Participant: 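There's a structure below that I have some questions on.
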Amino acid sequence: MLTKRIIPCLDIKDGRTVKGVNFVELRDAGDAVEQGAIYAQQGADELVFLDITATVEARKTLVDLVRNVAREINIPFTVGGGISSVQDVSALLNAGADKISINSSAVRRPELIDELALQFGSQCVVVAIDTKDYGQRNMVHTHGGRTPTEIVTEAWAYEAQERGAGEILLTSMDHDGVKTGFASALTAKISRKLNIPVIASGGAGTMEHFYDVFTAGAADAALAASIFHFKEIPIPSLKNYLKGRGIPMRTEL
Amino acid sequence: MNIVIIKYNAGNVVSVTNTLNRLGVEPVVSDDPETIKKADKVIFPGVGEASTAMEYLKARQLDKLIVGLKQPFLGICLGQQLMCAHSEENNTACLGIFDLRVKRFEGALKVPHMGWNKLFDTTGPLFQGLPDEAFIYFVHSFYCELGTETIAKSDYINQFSAALHRDNFYAIQGHPEKSGQVGQKILENFLNL
């Protein structure tokens, strides 16, 4: 049986991992490659590296980082942050990334999803969506959550799939960093409507939160950052707990 | 050891190269027939679409070259599918090393089959030193049916050939180069054939 995936996310600034609360207040959490290797040894199913600097100067640094990660780590990893062209993606995939994640650039120009899927295959195109709950509607935000848009989250997720996205990385801004659980209802709504995997992100605080998002939330994978970085929940304990509760998990490495 | 990775328009050769480097081997990536023929072992990776990949191989006569090779040969992912007789992906005639058909997953679950899944009924030197039910990482929408050449099975929507073997030809559907210690062991076993 296909297992559910546990994905630590490493937010990268100048080659080091950082983690903020609700997208701001960054706090240093260590060397990215070293951290990634430790997670891989502990049983992480995949890794996500998000470059939150994403300035022009940082682009080259990111390609170097990807090269180093690929040399050291033998599980799949996704890279995101400021990716806006076929050339960007080509450089990152050639450096050894397995998947790339696009967010603001796809909202700005949705055809980018089609172009990347055609050129590199859907399997490596992750569309990341930052969403905020406005009571009646869930709306997409861009630029690290700073810019609201007029786009409804569920509709955008569906459009991304139809344009060739291979996965959706759904981050609830309301839940991110506050550790009160994932946005399971919205995740379930999107995951059940789509035929591509949905990675739930934002809000992990306890092991039970993961259980909820894999059951009530119908998520295919769950992503978290600080609970892993600050060793609040060790990955092996989390996976054993979930397996014990009947969630298919890769526990033997 | 002289390991050649076949260069064509499909495949993530960077990951395979990195894993081989970790095993102390520096592979050559090439589409030159003489280089491929002289290799001790050949690896045929692949991520992509079947008909485009077959056209590319035919245009360079690599299709004929591959079926005539005598040294240990390992196809990975699309590589395994191309080694079968036919793929439903754009109705493509493939290399025919294995007399099997490649079909599209049809069912209630999401396609592609993406993530870690268990192997079972594994047999032969490729899986030496591994537990009966080891996990490897898969990303694919098409699968090879079961047959007498199946040396490992996996199950998603239906059972399928997770690995195949005939004579010097080996193939694996998942990505050993992305499957942690288990995958590295499979590649190490291939290098030791």
Side-chain angles (χ1 to χ4, degrees), chain A residues 1-7 37 39-47 66-77 92-99 117-124 126 161 166-168 191-199 218-221 239 248-253, chain B residues 9-23 46-49 52-53 77-78 105-120 130-141 154-157 159 174-187:
Chain A
M1 187 186 265
L2 180 64
T3 55
K4 302 282 189 182
R5 288 170 281 156
I6 300 294
I7 308 179
Y39 288 143
Q41 284 158 17
Q42 291 176 343
D45 295 307
E46 272 184 58
L47 298 171
V66 167
R67 201 169 283 121
N68 291 331
V69 169
R71 224 175 262 140
E72 298 295 324
I73 293 173
N74 54 10
I75 61 169
F77 70 98
L92 293 167
L93 294 179
N94 284 330
D98 299 289
K99 308 175 189 180
L118 185 68
Q119 181 96 15
F120 306 106
S122 290
Q123 83 291 335
C124 68
V126 180
Q161 167 183 285
E167 273 180 295
I168 299 292
S191 186
R192 294 206 169 103
K193 189 174 173 196
L194 301 190
N195 194 39
I196 56 175
V198 174
I199 306 163
D220 299 284
K239 295 184 87 173
M249 278 283 134
R250 176 180 72 116
T251 46
E252 306 86 11
L253 301 185
Chain B
N9 65 333
N12 185 359
V13 297
V14 184
S15 303
V16 179
T17 302
N18 280 331
T19 305
L20 293 178
N21 287 344
R22 282 192 285 269
L23 291 166
V47 173
E49 189 275 319
T52 330
C77 192
L78 179 66
F105 281 120
E106 304 281 358
L109 300 176
K110 292 178 179 183
V111 177
H113 171 220
M114 181 189 277
W116 296 82
N117 204 338
K118 236 176 220 180
L119 303 176
F120 58 91
L130 287 172
D132 278 344
E133 298 191 329
F135 282 98
I136 67 167
Y137 188 84
F138 292 89
V139 185
H140 60 129
S141 299
S154 192
D155 192 348
Y156 187 71
I157 298 178
Q159 291 191 5
H175 289 274
E177 75 280 12
K178 283 283 138 187
S179 298
Q181 294 310 307
V182 169
Q184 190 159 312
K185 182 70 185 165
I186 292 171
L187 287 172

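No experiment lies behind these values; they were computed from the predicted model shown. So that the names make sense, note that chain A is the first sequence line, chain B the second, and so on, each numbered from 1.
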Participant: Please examine the side chains of B:Trp116 and A:Ile75, heavy atoms only from C-beta on, and report whether any two atoms are closer than 4.5 Å.
Facilitator: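 Counting from C-beta outward, A:Ile75 and B:Trp116 do come under 4.5 Å.
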Participant: Need one label for A:Ala95: side chain, backbone, both or neither, based on atoms under 4.5 Å from any heavy atom in chain B.
Facilitator: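 For A:Ala95, backbone heavy atoms alone lie under 4.5 Å from chain B.
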Participant: Would you mind checking which part of A:Asp220 comes under 4.5 Å of any heavy atom in chain B, side chain (CB onward), backbone (N, CA, C, O), both or neither?
Facilitator: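 The side chain, not the backbone.
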Participant: For B:Glu177, is it the side chain, the backbone, both or neither that has a heavy atom under 4.5 Å from a heavy atom of chain A?
Facilitator: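 Backbone only.
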Participant: For each of A:Ala40, A:Pro197, A:Gly121, A:Gly43, tally heavy-atom pairs with chain B at distances under 4.5 Å, and name the one with the top tally.
Facilitator: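 Option with the greatest count: A:Pro197.
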Participant: Can you tell me how far apart CG (B:Leu109) and CG (A:Asn195) are? Round to the nearest 0.5 Å.
Facilitator: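 Result: 9.0 Å between the selected atoms.
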Participant: Among B:His113, B:Gln184, B:Met114, B:His175, which residue forms the greatest number of heavy-atom pairs with chain A at distances under 4.5 Å?
Facilitator: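 Max contact count across the listed options: B:Met114.
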Participant: Within this structure, what is the CZ-OH distance for the pair A:Arg5 and B:Tyr137, rounded to the nearest 0.5 Å?
Facilitator: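 If we round to the nearest 0.5 Å, A:Arg5:CZ and B:Tyr137:OH are 5.0 Å apart.
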Participant: So which part of B:Ser179 gets closer than 4.5 Å to some heavy atom of chain A, the side chain, the backbone, both or neither?
Facilitator: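 For B:Ser179, the contact with chain A is made by the backbone alone.
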Participant: What part of A:Ser191 lies closer than 4.5 angstrom to a heavy atom of chain B: side chain, backbone, both or neither?
Facilitator: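 Both backbone and side chain of A:Ser191 come within 4.5 Å of chain B.
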Participant: Heavy-atom cut-off 4.5 Å, strictly under: side chain, backbone, both or neither for A:Glu167 against chain B?
Facilitator: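 Contact with chain B: side chain only.
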Participant: At their closest point, which heavy atom of B:Ser15 faces which heavy atom of A:Asp98, and how far apart are they?
Facilitator: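 Closest approach of B:Ser15 to A:Asp98, heavy atoms only: OG-OD1, 3.8 Å.
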Participant: Please examine the side chains of B:Gln181 and A:Asn74, heavy atoms only from C-beta on, and report whether any two atoms are closer than 4.5 Å.
Facilitator: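 When only atoms from C-beta onward are counted, B:Gln181 and A:Asn74 do touch, with a gap below 4.5 Å.
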Participant: Please assess A:Glu252 against B:Glu133 for the test side chain to side chain contact (heavy atoms under 4.5 Å, CB included), listing each intermediate value before the final yes or no.
Facilitator: CA-CA 9 Å; A:Glu252 306 86 11; B:Glu133 298 191 329; over 6 Å; no
Participant: Please report the closest heavy-atom contact between A:Leu93 and B:Val14, naming both atoms and the distance.
Facilitator: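 Taking A:Leu93 first and B:Val14 second, the nearest heavy atoms are O-CG2, 4.2 Å.
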Participant: CZ of B:Phe135 to CE of A:Met249: how many Å apart, nearest 0.5 Å?
Facilitator: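 CE of A:Met249 is found 10.0 Å from CZ of B:Phe135.
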Participant: For the residue pair A:Ile73 and B:Lys178, what are the closest heavy atoms and their distance?
Facilitator: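 Distance-wise, the nearest heavy atoms are O-NZ, 4.1 Å.
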Participant: Measure the CG-NZ distance between A:Leu194 and B:Lys110 for me, rounded to the nearest 0.5 Å.
Facilitator: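 Interatomic distance, A:Leu194 CG to B:Lys110 NZ, rounded to 0.5 Å: 6.5 Å.
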Participant: Let me know if A:Arg71 has heavy atoms under 4.5 Å from chain B in its side chain, its backbone, both or neither.
Facilitator: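 Both backbone and side chain.
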